[in-house]
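Single-structure report; data block below.
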Amino acid sequence: MPDKKTSVPEEILEQVSDRASLLDKGEDKTRTIFPEFGKHQLLGLGAPQNANSNLPDMARVISDVAERCMSTAFSLWAHRMTIEYLSVAQTDYAASVLPGLVSGQTLGVTGMASAFREAAGCGSLEITATETEDGYVLDGPIRWASNLYQDSLLVTAVRTDKGKRIIVALPLHTAGVTVGKPFSLLALDSTESTYITLDHLQISKTQVLSTDFDAFITQVRPTFLVLQTALCVGLGTISHREARTGLTGVNAVFSSEVETVGGRVSLVRNAMLNNARAVGSHSSPSRQELLAMRLTGAEVATAAATLEAKTAGGKGYAKSSDSSRRFREAAFLPVQSPSEAQLRWELASCS
């Protein structure tokens, strides 16, 4: 089936571009534009598991936004993954909260880093859940999450006192949630990113999205990694374009490197779209293929941003320049969970 090629309206992309500098300086919040995304039905494309063959469209949307502003694109990725979790769960509770996320009025928080480390065998769940008559009491930390507004919805994984691993959802305004002071970051300051502490937080059994931890992770991992790769593709695309524009005068010495990086960006983009098309089908990509794609995407985006910085010269060293912003944004990709270290560790374990 051919891709539908949903595109982001140009006026929205212009808004994203116009606000990138404000967001970089922490003078605005990424959530401001989400109702516009929702109005144009851009937030739930392909959920769940490449529904209606629309996951390639969602990847393109995130990539296009990442070309203009990584802060907005990263918030969009986190939000879209929360929609994925709820859509995969298909519970009554999930159905009741999904409309707010799909419209962009409520933002989603993916607190699943420890869950993916647990599934990979290189970490463990830190939140405990004590079972009660009608639900669970949750205690523990989430070390890093984004889109942390009072009215946001969090999805995370916990370990019960009986040893079960379950996926749960809860609004951040629930009693017992403490959101830390936002981190001061090298980039992405406007994404409302910090830690969360859950202290004797009570949820009902209706807020359990899944009791089959392994199956749930297997279902959401392909979308998770495809859409993270879209962040890399967007940043790599714009940085390569700018580096190529800068190949004048003595900068011509970088021509072969820029050409090589451009080819690698294209290969990662093709892998992203091909894997997105295959998600949910009998030929769904393997875990190894997805991990390798995500790792390569981060490496290529970082290389492209470095070349852009080299060809931009002194003007690109100014903190207010787009080149400087993208160079700092690229520095996030190797540490975004799964980090480069985790990706390499997992790939080695797949061998």
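The chain is numbered in sequence order, starting from 1.
Evaluation of the salt bridge (Lys or Arg N to Asp or Glu O under 4.0 Å) test over residues 315-324, restricted to residues two or more places apart or in two chains, returns D322-R325. For the side-chain hydrogen bond (donor to acceptor under 3.5 Å, both in side chains) condition, the pairs that include at least one residue of residues 149-165, sequence neighbours left out, are R31-D151, E118-R159, E118-R165, E131-K162, R165-D214. Residues in residues 89-107 take part in no side-chain hydrogen bond (donor to acceptor under 3.5 Å, both in side chains) pair, two or more places apart or across chains. Listed by first and then second residue, the salt bridge (Lys or Arg N to Asp or Glu O under 4.0 Å) pairs that reach into residues 233-249 are E67-R241, sequence neighbours excluded. Note on residues 246-269: pairs passing side-chain hydrogen bond (donor to acceptor under 3.5 Å, both in side chains), not counting sequence neighbours, are T237-R269.
Between W77 and F74, the ring-plane angle classifies as parallel under the 30° and 60° cut-offs.
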Practice problem: Could you check S204 against D134 for side-chain hydrogen bond (donor to acceptor under 3.5 Å, both in side chains), going step by step and ending with a plain yes or no? | Solution: CA-CA 6 Å; S204 69; D134 59 352; over 6 Å; no
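Expressed to the nearest 0.5 Å, how far CG of L333 lies from OG1 of T229 amounts to 10.0 Å. How far CZ of R19 is from SG of C69: 7.5 Å, rounded to the nearest 0.5 Å.
A distance-only check finds no donor-acceptor pair linking the side chain of S321 to the backbone of Y317 [under 3.5 Å]. Between the side chain of D199 and the main chain of G176, no donor-acceptor pair closer than 3.5 Å is present. Listed for the N147 side chain is no donor-acceptor partner under 3.5 Å among the backbone atoms of L107. Of the possible polar contacts, one joining the D139 side chain to the H200 backbone as a donor-acceptor pair under 3.5 Å is found.
Legend: residues meeting side chain to side chain donor-acceptor pair (under 3.5 Å) with T223, ordered by chain and number and at least two apart, are E84. Residues forming a salt bridge (charged side-chain N to carboxylate O under 4.0 Å, His left out) with E192 (at least two apart in sequence, or on another chain): K29. For R326, the salt bridge (charged side-chain N to carboxylate O under 4.0 Å, His left out) partners are E308, not counting sequence neighbours. With sequence neighbours left out, the ring-ring contact (aromatic ring centres under 6.0 Å, His included) criterion links Y136 to no other residue. In terms of the ring-ring contact (aromatic ring centres under 6.0 Å, His included) criterion, residue partners of W144 (sequence neighbours excluded) are, by chain and number, F183.
Side-chain contact check for P222 versus Q49: every heavy-atom pair is 4.5 Å or farther apart.
Residues S193 and S146 bring a donor and an acceptor atom of their side chains to less than 3.5 Å of each other.
Taking Ile, Leu, Val, Met, Phe, Trp and Tyr as members and joining any whose side-chain heavy atoms lie under 4.5 Å apart, directly or through other members, L267 forms no hydrophobic cluster with any other residue. Cluster partners of W345, using a side-chain heavy-atom cutoff of under 4.5 Å among ILVMFWY residues and allowing indirect links: none.
For F37 and F34, the ring centers sit closer than 6.0 Å to each other.
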